[in-house]
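Please read the structure below before turning to the comments.
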Amino acid sequence: MEMSKGDIVQSLNGRDKGKALYVAEVDGEYVILVDGKSRRLEHPKRKKQKHCMFLTSDGYRLSEKLRADEHVTNSEVRRALATFNAGAEEQSENETEPGGG
């Protein structure tokens with residue numbers, strides 16, 4: 001799947017393996033990734049698309065702001081990813097069966 005600005009992806013390789021990140025920009029076969037904490041908007045991570053797994057093209061306000069090239073802050077990125085991660089954890093807890101052993 002082609003990744004686009006505002007998508008949430010998961011890093012598959014490197015020090016940030018397993019982390020959810022926002023796509024701030026798409027540059028050919030590369031994506032520019034931010035998480036608002038270790039990878040701030042001022043110093044984003046450039047990574048090949050093949051080293052990322054698409055998670056969602058969410059409907060969060062932040063995705064819309066990124067796509068519209070509006071001003072985004074690092075705290076907005078952190079907050080949106082925390083909300084996404086909390087929803088993902090809740091969903092995975094609901095999918096597990098009670099007493100699964």
Side-chain angles (χ1 to χ4, degrees):
M1 170 168 229
E2 187 68 25
M3 294 175 203
S4 64
K5 203 172 189 178
D7 290 348
I8 296 179
V9 299
Q10 182 178 24
S11 173
L12 298 175
N13 296 62
R15 292 181 183 179
D16 56 0
K17 183 177 181 177
K19 263 181 115 171
L21 302 138
Y22 262 101
V23 176
E25 196 68 48
V26 177
D27 182 19
E29 68 177 295
Y30 291 92
V31 286
I32 310 302
L33 304 171
V34 295
D35 69 0
K37 189 173 184 178
S38 60
R39 285 298 173 179
R40 301 172 69 80
L41 292 161
E42 300 83 23
H43 299 286
K45 173 68 178 169
R46 185 173 183 249
K47 190 177 273 268
K48 285 192 174 187
Q49 288 189 28
K50 69 180 183 180
H51 295 284
C52 298
M53 179 177 67
F54 174 83
L55 293 178
T56 184
S57 180
D58 69 350
Y60 293 114
R61 171 73 180 125
L62 183 64
S63 294
E64 296 168 12
K65 285 178 79 171
L66 283 168
R67 289 183 188 112
D69 290 324
E70 294 179 24
H71 177 72
V72 176
T73 64
N74 288 308
S75 62
E76 287 176 305
V77 175
R78 286 192 306 270
R79 207 171 314 126
L81 284 174
T83 302
F84 172 78
N85 288 330
E89 287 176 12
E90 183 178 306
Q91 183 178 2
S92 67
E93 287 175 6
N94 291 338
E95 290 175 357
T96 59
E97 296 180 58

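Everything numeric here is computed off the predicted structure, so don't read it as measured data.
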Start with the C-alpha gap between T56 and D7, add the side-chain angles, then the distance that decides, and say whether side-chain contact (heavy atoms from CB on, under 4.5 Å) holds.
CA-CA 6 Å; T56 184; D7 290 348; over 6 Å; no
Would V31 and V9 count as a side-chain contact (heavy atoms from CB on, under 4.5 Å) here? Give the steps.
CA-CA 10 Å; V31 286; V9 299; 5.5 Å; no
Take Q49 and V26 through the test side-chain contact (heavy atoms from CB on, under 4.5 Å) and record every step on the way to the result.
CA-CA 9 Å; Q49 288 189 28; V26 177; 3.6 Å; yes
Start with the C-alpha distance between C52 and L33, add both sets of side-chain angles, then the distance that settles side-chain contact (heavy atoms from CB on, under 4.5 Å), and finish with yes or no.
CA-CA 10 Å; C52 298; L33 304 171; 3.8 Å; yes
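Between E64 and K5, none of the side-chain N atoms (NZ, or NE/NH1/NH2) sits under 4.0 Å from a carboxylate O, so this pair counts as no salt bridge. Between K47 and D27 there is no salt bridge, since none of the side-chain N atoms of the basic residue sits less than 4.0 Å from a carboxylate O of the acidic one. A salt bridge does not link E29 with K50: none of the charged nitrogens is closer than 4.0 Å to a carboxylate oxygen. For the pair D35 and K45, the salt-bridge criterion is not met [side-chain N within less than 4.0 Å of a carboxylate O].
The shortest heavy-atom contact between R67 and S57 is NH2-OG, 3.0 Å. The two residues G6 and S63 make their nearest non-hydrogen contact at O-OG, 2.8 Å. Nearest heavy atoms, R40 versus G36: NH1-O, 3.6 Å. Closest approach of L62 to A80, counting heavy atoms only: CD2-CB, 3.7 Å. Nearest approach of N85 to A20, heavy atoms of both residues: OD1-CB, 3.8 Å.
Counting heavy atoms from C-beta on, the side chains of K19 and S38 come closer than 4.5 Å. Contact annotation: the side chain of H43 never approaches that of V34 to less than 4.5 Å [non-hydrogen atoms, C-beta and beyond].
In the hydrophobic clustering of this structure, M3 does not group with I32; members are Ile, Leu, Val, Met, Phe, Trp, Tyr whose side-chain heavy atoms approach within less than 4.5 Å, directly or through other members. Both I8 and L41 are members of a single hydrophobic cluster when ILVMFWY side chains are connected at heavy-atom separations under 4.5 Å. No continuous path of ILVMFWY side-chain contacts below 4.5 Å connects Y22 to Y30, so the two sit in separate hydrophobic clusters.
For E25 (side chain) and S4 (main-chain N/O), no donor-acceptor pair under 3.5 Å exists by modelled atom type. Looking at Q10, its side chain does come within 3.5 Å of a backbone N or O of G18 through a donor-acceptor pair.
If you take CG on L66 and CZ on R61, they are separated by 10.0 Å, rounding to the nearest 0.5 Å. Rounding to the nearest 0.5 Å gives a distance of 4.5 Å between CZ of F84 and CG of L55. With rounding to the nearest 0.5 angstrom, the NE2 atom of H51 is 9.0 Å from the CG atom of L12. Remark: H71 NE2 to T73 OG1 distance equals 6.0 Å, nearest 0.5 Å.
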